[in-house]
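Below is one structure, written out as structure tokens; comments come after it.
Numbering starts at 1 and runs along the sequence shown.
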Amino acid sequence: MDWGRAKSVLILAFLILNIILGYQLWLDVREQLSSNLDWTSLPEDTKKQMEMKLIQVQGKIPSETPALIERTFQFVDEEQDTKRVDLSTPVSSQLIFNEKELRKALKDEVPTIERYVFDPPTSPPTSPDGVFRLQYMLDNKWPMFEVSLELFYANQNIVAYRENKVVELESKEKADKEQKVLPATNALGILIEKFLPTGAVVKEIKLGYHGQVYNETLVTAPAWRVVLESGDIYFVNAISAEVYHPKGEQQKE
């Protein structure tokens, strides 16, 4: 065997592999950078209002504007909001820091746990009241802000859960109603100019589905959720631009 030639081939193969991996890394970084904006992307009038009201935007501003529709759901069980189910075997609450292991430990007793994620997804939720809350992901992409899985813990163990399950009611005109959503910069501009208090600090902006319950039916629309450092939350309907207060009350401009 010609070891010199084999060595050259291996070196060339590794070089090509490194080039491919480097290119893929560059694409990933570029995609990440282009998928988020910052406060400098806001219109000049909005930036002036920010300055006047001493408002800060610390969270990234998403640039995505997908075409989405209003969607309607029915609660599976009228008592889901109050029904707590005890686990047959408690699970260590330390698993809340490892989402993969948490899913594995609870999948037999909570089969739908794969449909939920931490909110925010980058870290386990804080829980001063003894409850960890996970958000339901619609189509494995869009969080439903009114549908969650609650994990109750005591003595360093997860001991029970509560899930408000929903099923979607199909619409025959679904495809005809898709609309490109309001850009996050526009939604944030509306809040800054007319709703956010002086000194507000915006920590997070996320697109998902926000809704209201009518006769046990959850009617939802695409919405931008804006979370302030104070804990207050505002929802901006990503179709109509209507604004909702943290308590769910519609706000008038």
Practice problem: Would you indicate whether the side-chain heavy atoms of Leu138 and Phe73 approach each other to under 4.5 Å? | Solution: yes
Below 4.0 angstrom, N of the basic side chain to O of the carboxylate: do Lys48 and Glu51 qualify? no
Separation between OH (Tyr153) and CG (Leu87), nearest 0.5 Å, reads 15.0 Å
Do Phe235 and Phe145 make the cut of ring centroids closer than 6.0 angstrom?
yes
Worksheet entry | Donor-acceptor contact below 3.5 Å, side chain Gln135 vs main chain Met144 | yes
* Lys53 with Glu193: basic N within carboxylate O range, under 4.0 Å -> no
The reported gap from CD1 in Ile55 to OG1 in Thr198 (rounded to nearest 0.5 angstrom) is 7.0 Å
Ignoring hydrogens and geometry, is there a side-chain-to-backbone donor-acceptor pair from Trp142 to Pro222 under 3.5 Å?
no
Show, in sequence, the C-alpha distance, side-chain angles and deciding distance for Leu95 and Ile158, and conclude whether the side chain to side chain contact (heavy atoms under 4.5 Å, CB included) test is met. CA-CA 9 Å; Leu95 290 179; Ile158 298 171; 5.6 Å; no
| task | Quick one: do Glu99 and Val117 satisfy side chain to side chain contact (heavy atoms under 4.5 Å, CB included)? Show the steps, please. | result | CA-CA 8 Å; Glu99 193 169 349; Val117 298; 4.0 Å; yes
Nearest heavy-atom contact between Leu207 and Glu64 is CB-OE2, 4.3 Å
Separation between CD1 (Ile96) and CZ (Phe132), nearest 0.5 Å, reads 4.5 Å
- Message: With heavy-atom distances below 4.5 Å as the criterion, would you say the side chains of Ser41 and Ile61 are in contact?
- Response: yes
In the structure I gave you, are the side-chain heavy atoms of Leu68 and Tyr209 within less than 4.5 Å of one another anywhere? yes
When rounded to the nearest 0.5 Å, the distance separating CD of Gln58 from CG of Leu228 is 11.0 Å
Taking it one step at a time, do Asn237 and His210 satisfy side chain to side chain contact (heavy atoms under 4.5 Å, CB included)? CA-CA 8 Å; Asn237 188 304; His210 168 69; over 6 Å; no
Residues at least two apart in sequence or cross-chain that pass ring-ring contact (aromatic ring centres under 6.0 Å, His included) with Tyr136, listed by chain then number, are Tyr116
Determine whether Phe97 and Leu151 fall in the same hydrophobic cluster, where Ile, Leu, Val, Met, Phe, Trp and Tyr are linked whenever their side-chain heavy atoms lie under 4.5 Å apart.
yes
When clusters are formed by joining ILVMFWY residues with side-chain heavy atoms under 4.5 Å apart, either directly or through shared neighbours, do Val85 and Leu102 land in the same one? yes
- Task: Take atom CG of Asp86 as the centre, draw a 6.0 Å sphere, and report whether it contains more than 12 heavy atoms from other residues, nucleotides or ligands.
- Result: yes
Quiz prompt | Heavy-atom side-chain contact between Gln212 and Val219 under 4.5 Å | solution = no
Applied to residues 136-145, the salt bridge (Lys or Arg N to Asp or Glu O under 4.0 Å) test, sequence neighbours excluded, yields Arg71-Asp139
| message | Tell me if a side-chain donor or acceptor on Glu146 pairs with a main-chain N or O of Gly211 at a distance below 3.5 Å. | response | yes
To the nearest 0.5 Å, atom CG of Leu196 lies from atom CD1 of Ile190 at 11.0 Å
| said: Could you tell me if the side chain of Arg84 sits less than 4.5 Å from the side chain of Val159, heavy atoms only? | reply: yes
Value for CD (Gln49) from CD1 (Ile192), rounded to nearest 0.5 Å, stands at 9.0 Å
Next item on the list: Determine whether Val201 and Trp224 fall in the same hydrophobic cluster, where Ile, Leu, Val, Met, Phe, Trp and Tyr are linked whenever their side-chain heavy atoms lie under 4.5 Å apart.
Entry: no
All heavy atoms of Leu182 vs all of Ala241, minimum pair found to be CD2-CB, 4.2 Å
(request) Please examine the side chains of Ser92 and Asn157, heavy atoms only from C-beta on, and report whether any two atoms are closer than 4.5 Å. (result) yes
Do Pro197 and Asp232 come close enough that some side-chain heavy atom pair is under 4.5 Å? no
Which pairs would a plain distance check flag for residues 108-115, meaning a side-chain donor or acceptor within less than 3.5 Å of a matching protein atom at least two apart in sequence or in another chain?
residue, atom, partner, partner atom, Å
Glu109, OE1, Ser88, N, 2.9
Glu109, OE1, Ser88, OG, 3.3
Glu109, OE2, Ser88, N, 3.4
Glu109, OE2, Ser88, OG, 3.0
Thr112, OG1, Glu163, OE1, 3.2
Thr112, OG1, Glu163, OE2, 2.5

Heavy-atom closest pair (Ala184 atom, Pro62 atom, distance to 0.1 Å) is CB-O, 3.4 Å
